[in-house]
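Beneath this line is the structure, given in structure tokens, with notes to follow.
Ligands are counted one by one from 1 in listed order, and the atoms in each one are counted from 1 as well.
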Amino acid sequence: MKHLHLGLAWLLLFATRSEAQSVAAIATEVDAVYPQSEGLYLDLHRNPELSFHEEKTAAKLAAGLRGLGYTVTTGVGHTGVVGILKNGDGPVVMLRTELDALPVEEKTGLPYASTVRTKDDNGVDVGVMHACGHDVHMSSWMGTARIMASTRARWRGTLMLIGQPAEEGGGGARAMLADGLFTRFPRPDYAVAVHDDARDPAGIIGYHAGAILSNANTVKITIYGRGGHGARPESTVDPIVIAARTVLALQTIVSREISPFDPAVVTVGSIHGGTKANIIPSEVNLELTVRSLTDAVREHLLSAIHRIVNAEAAAAGAPREPRVEVTDGGYALVNDPAMTQRVAVALVRELGPEKVQDRPPEMVSEDFSEFQRLGVPTLMLRIGAVERTKYDAAMKSGAALPSLHSALFAPDHEPTMKAAIAAEVITLRELMPANAGITSK
Ligand SMILES: [Zn+2]
Ligand SMILES: [Zn+2]
């Protein structure tokens with residue numbers, strides 16, 4: 001027993017030591033590139049561009065990568081950027097950032113807040129803001145590009161950095177794939193991304209094996225009735241009453257048909273019908289968002305919506321079947337379990353368990369899943385972005401923190417970006433080890 005204790009003590013001492021040394025080493029590397037990344041961050045934050053209009057943003061990233069020795073291609077999927085750095089035999093690893101900002105008028109009051117206004121694709125005048133933190137991702141990605149280019153002895157393989165347009169519902173991942181991302185360039189063995197997280201304190205790195213973000217579908221429904229005078233309901237079929245019953249019946253899909261262990265959401269976010277108190281309209285329009293984590297639950301939700309919508313209309317004697325249109329939404333993002341485990345062990349070893357935590361999934365959606373649907377093992381890490389004092393105050397008071405996409409979202413950019421760069425570099429070196437192919441026996 002005594003020997004065992006001594007042995008354990010030595011092991012722990014050794015582990016703690018090497019951990020402390022690793023932390024110092026990666027932190028030093030990150031500190032060295034941070035000033036340039038912060039300069040890029042402030043520039044990108046002040047100059048956000050909407051989906052598929054990221055021309056200046058893409059040009060900044062392309063110029064940065066070219067300066068570091070990457071082979072750069074622009075215009076991939078409209079405004080996408082691909083930078084390749086070959087460094088001997090080894091796996092191809094893709095690291096993705098998004099380029100686009102949102103039509104949100106910034107209200108943070110920060111000295112570097114965006115004041116940009118533009119016309120959106122419908123010609124509407126909108127404010128523009130990096131309210132999802134894609135500016136954090138881009139400037140961290142550039143810091144990682146810099147470290148990887150200057151430490152080639154520490155990894156082997158092909159590093160593929162992509163700047164993807166139009167993540168915000170615009171189909172940017174699909175556009176890059178359709179433009180030959182996996183045929184004109186090496187097909188990756190692994191794909192990696194980080195996304196900032198408005199639920200966690202700045203610098204916390206979140207991982208989770210399996211589904212982390214949800215399937216998302218929009219369902220548009222038109223319920224048809226027979227319009228007429230509001231005082232003569234007997235001569236009409238009232239679509240407002242059908243719609244009201246339908247909205248309530250839809251609530252039973254998740255509560256009565258889906259296992260409590262399978263996350264699912266059916267939200268009726270929009271309902272429109274009628275013009276005046278004394279007129280029964282001839283149709284009502286509904287719009288739903290439908291979320292789930294698995295293909296099976298997604299299919300169940302969508303078929304139950306069809307069944308209920310048709311049955312309620314039939315029960316009311318509607319003159320025709322409702323029109324139900326399901327838009328091709330995003331797929332759940334599933335972190336490859338083996339890859340997640342491998343990277344999580346490396347992150348804990350280098351940064352310590354207090355900074356690297358298993359974090360629960362979120363029912364939001366991301367088109368990074370498009371790469372995984374093509375069979376590439378993928379991993380998205382989450383990086384906490386909330387200023388520590390604001391986080392602690394919110395936990396104490398129970399007040400809600402501004403979410404991603406909020407006009408008030410203000411990431412604590414220094415610790416967030418430093419954690420993102422460290423996480424990316426550690427992940428890439430783990431997936432592309434310098435000693436790959438050398439077997440020690
Ligand atoms: Zn977003
Ligand atoms: Zn985002």
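Looking only at its N/O/S atoms, H405 has NE2 as the one nearest to the Zn ion (ligand 1).
Salt bridge annotation for D125-R117: present, with a cationic side-chain nitrogen under 4.0 angstrom from a carboxylate oxygen. Between K56 and E54 there is no salt bridge, since no side-chain N of the basic residue sits under 4.0 Å from a carboxylate O of the acidic one. In summary, E430 and R349 engage in a salt bridge, as defined by a charged side-chain N under 4.0 Å from a carboxylate O. Under 4.0 Å is where a charged nitrogen must lie from a carboxylate oxygen, and between R429 and E29 at least one such pair does.
Put simply, the residue from E299, R298, R291 that forms a side chain to side chain donor-acceptor pair (under 3.5 Å) with N215 is R298.
For R320 and Y224, the positive end sits near the middle of the six-membered ring, less than 6.0 Å away and at most 45° from its axis.
With waters left out, the protein N, O or S atoms under 2.8 Å from the Zn ion (ligand 2) add up to 3.
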